[in-house]
Protein chains: 2
Amino acid sequence: MNQVNLKRLAQELNLSIATVSRALQDSYEVSSQTKERVKALAAELNYEPNAYASSLRRNISKTIGVVVPEVNNHFFSLVINGIEEVAHQSGYHVLIYLTHDDYEREVAITQYLTGGRVDGLLMSVASESQKFAHLQKLYVSKPAIVFFDRVCEAIATANVTTNDYESGYLATRHLIEAGCRHIAYLLVSGNLSIGRIRMQGYQAALRDHGLPYDDTLVVSDDGDDERNTARIMDLLRRRPEVDGIFASVEHLAISSYHACHALGRAIPAEVKIIGFSNLGVAALLAPALTTITQPAYEMGKAAAQILLCAIEKKRAISPGQSLVLKSELFARRSTAS
Amino acid sequence: MNQVNLKRLAQELNLSIATVSRALQDSYEVSSQTKERVKALAAELNYEPNAYASSLRRNISKTIGVVVPEVNNHFFSLVINGIEEVAHQSGYHVLIYLTHDDYEREVAITQYLTGGRVDGLLMSVASESQKFAHLQKLYVSKPAIVFFDRVCEAIATANVTTNDYESGYLATRHLIEAGCRHIAYLLVSGNLSIGRIRMQGYQAALRDHGLPYDDTLVVSDDGDDERNTARIMDLLRRRPEVDGIFASVEHLAISSYHACHALGRAIPAEVKIIGFSNLGVAALLAPALTTITQPAYEMGKAAAQILLCAIEKKRAISPGQSLVLKSELFARRSTAS
DNA sequence: TTGTACGCGTTATCAC
DNA sequence: GTGATAACGCGTACAA
């Protein structure tokens, strides 16, 4: 391995470590002549500073952590893309942690992130997490956190979200205007803020249009696609009057398709479906899926910008910096009248 | 912030730093009594070791790097899932870097990865990369590298790939058996090994079935979905006899759908389409897409296992550890006769 | 302009 | 069992 470090460079050049270090940082107090010499040798030997020594010394790691439930998910992978874009521009590295919506796993992750491994954190909380003690602990030791999409309301930091209430309302109204009268709501798992808020929009739209809210038409995610499909089939069999489905998260919309196909219910003739989704091929589905699409990439960029700005300026992040971006409704065949 | 570190713990307990350190590592040469005391206080103060100090001292970071072209891609996100699963089990952290198939970016990334930030690296090379000097430099300073899918043949390490030649052959034969006689091949960008190998399978299948290979039926990726669709439309207009399309990568299959829709060519009646793809909703497309599906999750797990095993045992990785997994062909409506 | 010396927080090697 | 102490590689006050 024979690591090339400052000492090695200094020896070969007959200079002190300090001078070499300064030269490589373009310090103004080094003659341009020695700077050249140093840089030449550094390039020749392919010198790269040891990130750990540097981080330890400066108490800065130029690394941010991203904690998300899944990466194999259109929404989150787009967010990560946005985050990486901004991070890369600013010279930051990105550590990824997946919770798989598991509370224990989230606790473990937040625990070792208190070790100063990252300068800041972007996070979408696991849907199972109802207890926030671990997040509060983390927040105390490392206040540079920005939540996105699945926020933790108990912590006074910036959140980047979308207009979920409004989207829930519009999606439901869209179904009603397409003629639906018995609309099922597919709830994302746990006590998740986004699930609740979208559902409030759903309830408000029903009320405003004189339709009753019926909690037996609400199916909640159980974490497994097969079982979700079975639950939806169950609902459709038990309640044949259901003529509309509002999936508050992408995979539930997909499960709804499978359920309808399995039962031979025609979409959109018998059942109309709308879902939150960042699926790129939504328009190519049979039938094309009507979606509420969140600006995932932009959310990632925005959240990363807030975080990096705070880190660089060493300023605390305040709830006042929160951002609410707009989702967009793309009407397609799955809700055609 | 008031970081809690070993010194702080030692002071409060009237112990030496060394003892505290040993106690926290469950060293056998510490009385169980003091161990208890130390651990209790550590828990109370929410002590977490500083990862950078530890890494610096031990020359081990418990971190692996993953370099991929994109994360917003079903194949790579599944691979990352597999990697993260294995890494997490072994207590490793995962740094993600995206090249966006850009050579410059890959060079920059490999450059700072020589800085000892990671203990090992999993990599799928950027499609634009025709020069391997940067990878060889990296390999010299850090031999723990495993390539997956998009390998760099110039480097003598383990590769985890799929049976691309065979898959290319089978996909083409599948189209021929479905009645196709003029089969276009959509090539993934650059001089990528996988593109070439899959294409060799394509050519062999044509030959074995008495069909001529015609390089004007080969369209190569140009990095932008819109332009790819335009190129495919162009081909279909110029060569109306084309009755089959073999997309060597997912997004080209999607572009083929768009192209056919735009031109009003019926799939599969007029044009049959098969593509490499990990799209979860392939079966829900209009029409359902016939796919060659790589075991992406397993590839990620396998590659990570090879890497971590080598790291833990401090053994070099040899080409002999390479793995070739099998892809699977799922015949669906898009290639029905 | 350059060199000396210390400390970042840990771990490991000595002593006692 | 426990305590000093010396590294790991780097950055920076302070000297020269």
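Just so you know, these numbers use all the heavy atoms, side chains as well, and skip hydrogens, waters and symmetry mates. Throughout, a chain's letter reflects where its sequence line sits, starting with A, and its residues are numbered from 1.
Using modelled atom types, one finds no donor on one side chain facing an acceptor on the other under 3.5 Å when comparing A:Y112 with B:H93. Under the 3.5 Å distance criterion, with hydrogens and angles disregarded, no donor-acceptor pair is assigned to the side chains of A:E84 and A:Y92. For the 3.5 Å distance criterion, the side chains of A:S124 and A:D149 fail to qualify, holding no donor opposite an acceptor.
Backbone-only engagement by A:Y47 is indicated by non-hydrogen atom pairs under 4.0 Å involving sugar-phosphate atoms exclusively. Among the heavy atoms of the strands lying under 4.0 Å from A:L15 are primed sugar atoms or P, OP1, OP2 only; no base atom is included.
Protein chain A contacts DNA chain C from C:dT1 to C:dG9, reading 5' to 3' and using non-hydrogen atoms of the protein with a distance under 4.0 Å. Nucleotides of DNA chain D with any atom under 4.0 Å from a heavy atom of chain B span, from 5' to 3', D:dG1 to D:dG9.
Around CD of B:E29, the count of heavy atoms belonging to other residues, nucleotides or ligands within 6.0 Å exceeds 12. Counted within 6.0 Å of CG on A:N46, heavy atoms from surrounding residues, nucleotides or ligands total more than 12; the atom is thus considered enclosed.
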- Evaluate the ring pair (Phe, Tyr, Trp, His ring centres under 6.0 Å) criterion for residues B:H100 and A:H88: first the C-alpha distance (whole Å), next the side-chain angles of each, then the deciding distance (0.1 Å), finally the verdict. CA-CA 12 Å; B:H100 298 290; A:H88 177 77; 8.1 Å; no
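A:T19 contributes atom OG1, which lies 11.5 Å from atom CG of A:N14 (distance to the nearest 0.5 angstrom).
Between the B:S27 side chain and the B:V30 main chain, no donor and acceptor come within less than 3.5 Å of each other. One N or O on the side chain of B:Y52 and one on the backbone of A:R117 form a donor-acceptor pair closer than 3.5 Å.
A residue-by-residue look at B:L56 and B:E29 shows that B:L56 has its nearest nucleotide of DNA chain C further toward the 5' end. With the nearest nucleotide of DNA chain D identified for both A:R22 and A:L6, A:L6 has the one nearer the 5' end.
Within residues 30-40 of chain A, the residues having any heavy atom under 4.0 Å from DNA chain C are, by residue number, A:V30, A:S31, A:T34.
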